[in-house]
J.: 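Got a structure here, written out as structure tokens. Questions coming.
Because only heavy atoms are used, hydrogens play no part in the values below, and waters and symmetry mates are left out as well, while side chains stay in. These numbers were taken from a predicted model, which means no experiment stands behind them.
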Amino acid sequence: MTTTAASSVLRTDYQRSIADYWNNEQDPVNIKLGEVDGIYHHHYGLGAYDKSVLSGPEETRDERVIAELHRLESAQADVLLDYLGPIRPEDRLLDGGSGRGGTSLMANQRFGCRVDGVTISQKQVDFANAQAARWGVADKVRFHFKNMLDTGFETGDFSAVWTNETTMYVDLFDLFGEFSRLLRHGGRYVCITGCYNDVTGGRSKAVSQIDERYTCSVHARSEYFKALTANNLVPIEVVDLTPQTIPYWELREQSSVATGVEKSFLTAYREGSFHYLLIVADRVR
């Protein structure tokens, strides 16, 4: 990657700092879980966990917990994919902020269609493309060193776009403007994100701790709907996933891959200052 290429993608000091963060990230919670089956995620989990993983032989406890955490994060990706609607093999999908590529690979496995992932981390791009080759789908699933605010893809080329816990790094109005451009008429956008509850006020202490941990800036819940409607993306369904994600954090807190941020997430969710939302919107006009 040349310096010129990097400067065309990373246009601000903040974007460069985010790229540096993810290029240097080696968090075991993202690595060890992916090693379970070769699908590497960069998001959290959904659903009740099997409490039996905490019992049984101590020497295999960690292995059981890791496998269960990975099951919950893959279940989260499945929920997101459920909301993309009827996708045909000839359709093209975009994964905005694709990380190590797990959700893109799952989308291709389910729909058989072409998937493009974009991320500002060259390290993630290289890793994800290697995984696509390992799974034998490099002709269908491709990852690009691109900024999701300005992808350079052709207008109207995509049947569906999703973001999975990546919107807290960008301006929502800019992001949804680009997604609106990329989606065909009637195309769908699906978002899973954490957002702070602006009914209760500004960012709570726990939410601020989450921002600091991930070098991000969590948006207010209302900001999503303002930005969507301003860009011809009409919300058709909103699901509060908060109760379904709390068990994941409870189990992760007891695991060997706990990072210390678990307490902040659990506090924010339980006090109601932070929500874990799924938002579905369709492209109109």
J.: Hey, what do you get for OH (Y169) to OG1 (T215), rounding to the nearest 0.5 Å?
T.: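 Here the interatomic distance stands at 6.0 Å.
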
J.: Ignoring hydrogens and geometry beyond distance, is a side-chain donor-acceptor pair present between D240 and H275 at under 3.5 Å?
T.: no

J.: If you look at every heavy atom in P235 and F225, which pair is closest and at what distance?
T.: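 Nearest heavy atoms, P235 then F225: CG-CD2, 4.0 Å.
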
J.: Could you see if L84 belongs to whatever hydrophobic cluster contains V239? Use Ile, Leu, Val, Met, Phe, Trp, Tyr and a side-chain cutoff under 4.5 Å.
T.: yes

J.: Treating Ile, Leu, Val, Met, Phe, Trp and Tyr as nodes and any side-chain heavy-atom pair under 4.5 angstrom as an edge, say whether L54 and I66 lie in one connected cluster.
T.: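 Linked, L54 and I66 end up in one cluster.
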
J.: Do D211 and S217 have side-chain atoms, one donor and one acceptor, less than 3.5 Å apart?
T.: no

J.: Heavy-atom distance under 4.5 Å between the side chains of L183 and L233, does that happen here?
T.: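 With C-beta onward as the side chain, the pair touches.
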
J.: Is there a donor-acceptor contact under 3.5 Å linking the side chains of R203 and S208?
T.: no

J.: N23 and Q122: which non-hydrogen atoms are nearest, and at how many Å?
T.: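 Scanning both residues completely, I find the closest heavy atoms to be OD1-N, 3.3 Å.
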
J.: Atom CG in L241, atom CD1 in I279: separation rounded to 0.5 Å?
T.: 10.0 Å

J.: Quick check: are there more than 12 heavy atoms from other residues, nucleotides or ligands sitting under 6.0 Å from CD of E250?
T.: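 It does: E250 CD has more than 12 such atoms within range.
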
J.: Indicate if W135 and I31 have the same hydrophobic cluster label, given that clusters are the connected sets of ILVMFWY residues with side-chain heavy-atom separations under 4.5 angstrom.
T.: no

J.: Looking at K32 and D62, does any basic side-chain N land under 4.0 Å from a carboxylate oxygen?
T.: yes

J.: I'd like to know if the side chain of Q76 pairs up with that of N164 as donor and acceptor (distance under 3.5 Å, no hydrogens or angles considered).
T.: yes

J.: Less than 4.0 Å between a side-chain N and a carboxylate O, is that true for R110 and D78?
T.: yes

J.: Counting C-beta onward and ignoring hydrogens, is there a side-chain heavy-atom pair between L278 and V79 closer than 4.5 Å?
T.: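 They are in side-chain contact.
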
J.: Give a yes or no on whether Q109 atom CD has more than 12 heavy-atom contacts from other residues, nucleotides or ligands under 6.0 Å away.
T.: yes

J.: Is any side-chain N of the basic residue among D27 and R213 closer than 4.0 Å to the acidic one's carboxylate O?
T.: yes

J.: Quick one: does any side-chain atom of H219 pair with a main-chain N or O of T167 as donor and acceptor, under 3.5 Å?
T.: yes

J.: With a 4.5 Å limit on heavy-atom distance, are the side chains of L33 and V257 in contact?
T.: yes

J.: Specify the closest pair of heavy atoms between A132 and F143, including all atoms of both residues, with the distance to one decimal.
T.: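 Heavy-atom minimum between the residues: CB-CE1, 4.3 Å.
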
J.: Say you draw a straight line from CG of N108 to CE of M106; how long is it, rounded to the nearest 0.5 Å?
T.: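 Interatomic distance, N108 CG to M106 CE, rounded to 0.5 Å: 11.5 Å.
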
J.: Looking only at non-hydrogen atoms, find the nearest pair between I120 and N147 and report the distance.
T.: CG2-CA, 3.9 Å

J.: According to a hydrophobic-cluster definition based on side-chain heavy atoms being under 4.5 Å apart (Ile, Leu, Val, Met, Phe, Trp, Tyr only), do Y21 and M148 belong together?
T.: yes

J.: Side chains of T60 and P57: closer than 4.5 Å at any heavy-atom pair?
T.: yes

J.: Given D116, which partner from the list R142, H144, K140 fulfils the side-chain hydrogen bond (donor to acceptor under 3.5 Å, both in side chains) test?
T.: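 Of all the options given, the one that passes is H144.
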
J.: Could you check whether any side-chain heavy atom of T103 comes within less than 4.5 Å of a side-chain heavy atom of Y40, counting everything from C-beta outward?
T.: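 Result no, sub-4.5 Å side-chain heavy-atom pair not found.
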
J.: Does the pair H70 and E35 meet the rule for a side chain to side chain contact (heavy atoms under 4.5 Å, CB included), with working shown?
T.: CA-CA 9 Å; H70 182 61; E35 290 172 349; over 6 Å; no

J.: Do R100's NZ or CZ and the ring of F127 fall within the cation-pi criteria of under 6.0 Å and 45°?
T.: yes

J.: Would you say E59 has more than 12 foreign heavy atoms packed within less than 6.0 Å of its CD?
T.: yes

J.: For the residue pair A206 and E271, what are the closest heavy atoms and their distance?
T.: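 Result for this residue pair: CB-OE2, 4.2 Å.
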
J.: Do the side chains of R114 and D139 get close enough for a salt bridge, i.e. N-O under 4.0 angstrom?
T.: no

J.: Do side-chain atoms of T166 reach the backbone of G96 as a donor and acceptor pair under 3.5 angstrom?
T.: yes

J.: Let me confirm one number: the CD1-OG1 distance from I192 to T245, rounded to the nearest 0.5 Å.
T.: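 So the CD1 of I192 and the OG1 of T245 are separated by 9.0 Å.
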
J.: Are L228 and V234 connected into the same hydrophobic cluster when the rule is that any two of I, L, V, M, F, W, Y join if their side-chain heavy atoms are below 4.5 Å apart?
T.: no

J.: Strictly by modelled atom types, are Y276 and T193 linked by a side-chain donor-acceptor pair under 3.5 Å?
T.: no

J.: We want to know whether R16 and T12 form a side-chain donor-acceptor pair, criterion being a heavy-atom distance below 3.5 angstrom.
T.: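 There is no such pair between these side chains.
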
J.: In terms of ring plane angle, is the pair F265 and Y214 parallel, tilted or perpendicular, where the classes change at 30° and 60°?
T.: perpendicular

J.: Please check if the distance between the ring centroids of Y269 and F274 is under 6.0 Å.
T.: yes

J.: Side chain to side chain contact (heavy atoms under 4.5 Å, CB included) for T155 and L182? Distances and angles first, verdict last.
T.: CA-CA 5 Å; T155 297; L182 293 172; over 6 Å; no

J.: State the CG-CZ distance between L69 and R64, to the nearest 0.5 angstrom.
T.: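 Interatomic distance, L69 CG to R64 CZ, rounded to 0.5 Å: 12.5 Å.
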
J.: Given the ring of F176, does K226 sit roughly above its face, with NZ or CZ under 6.0 Å from the centre of the six-membered ring and within 45° of the axis?
T.: no

J.: Between the side chains of Q124 and S98, does any donor sit under 3.5 Å from an acceptor?
T.: no

J.: Using a strict 4.0 Å threshold on nitrogen-to-oxygen distance, state whether D91 and R88 make a salt bridge.
T.: yes

J.: Quick one: does E223's side chain have a donor or acceptor within less than 3.5 Å of a partner on L172's backbone?
T.: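 It does not hold such a pair.
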
J.: Are a donor atom and an acceptor atom from the side chains of E73 and H41 found within less than 3.5 Å of each other?
T.: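 Short answer, no.
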
J.: Could you check whether any side-chain N or O of E253 sits under 3.5 Å from a backbone N or O of L251, counting only pairs where one atom can act as donor and the other as acceptor?
T.: no

J.: Please assess R221 against L277 for the test side chain to side chain contact (heavy atoms under 4.5 Å, CB included), listing each intermediate value before the final yes or no.
T.: CA-CA 9 Å; R221 182 179 59 182; L277 292 189; 3.8 Å; yes

J.: Side chains of N232 and S180 only: does a donor on one sit below 3.5 Å from an acceptor on the other?
T.: no

J.: Mind checking the CD1-NZ spacing from I210 to K205? Nearest 0.5 Å is all I need.
T.: 13.0 Å

J.: I'd like to know if the side chain of R252 reaches the main chain of Y44, judged simply by a donor and an acceptor atom lying under 3.5 Å from each other, with no hydrogens or angles considered.
T.: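 Not confirmed, R252 side chain does not pair with Y44 backbone.
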
J.: Can you see which heavy atom on M168 is nearest to which on C216, and at what distance?
T.: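 Here M168 and C216 meet closest at CG-CB, 3.6 Å.
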
J.: Distance only, no hydrogens: is a donor on one side chain within 3.5 Å (strictly under) of an acceptor on the other, for T163 and Y189?
T.: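 There is such a pair between these side chains.
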
J.: Can R283 be said to sit on top of F158's aromatic six-ring, NZ or CZ under 6.0 Å from centre and within 45° of the ring axis?
T.: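 No - R283 does not lie over the ring of F158 by the 6.0 Å and 45° rule.
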
J.: Is there a side chain to side chain contact (heavy atoms under 4.5 Å, CB included) between W22 and T119? Walk through the geometry before answering.
T.: CA-CA 10 Å; W22 289 110; T119 171; over 6 Å; no

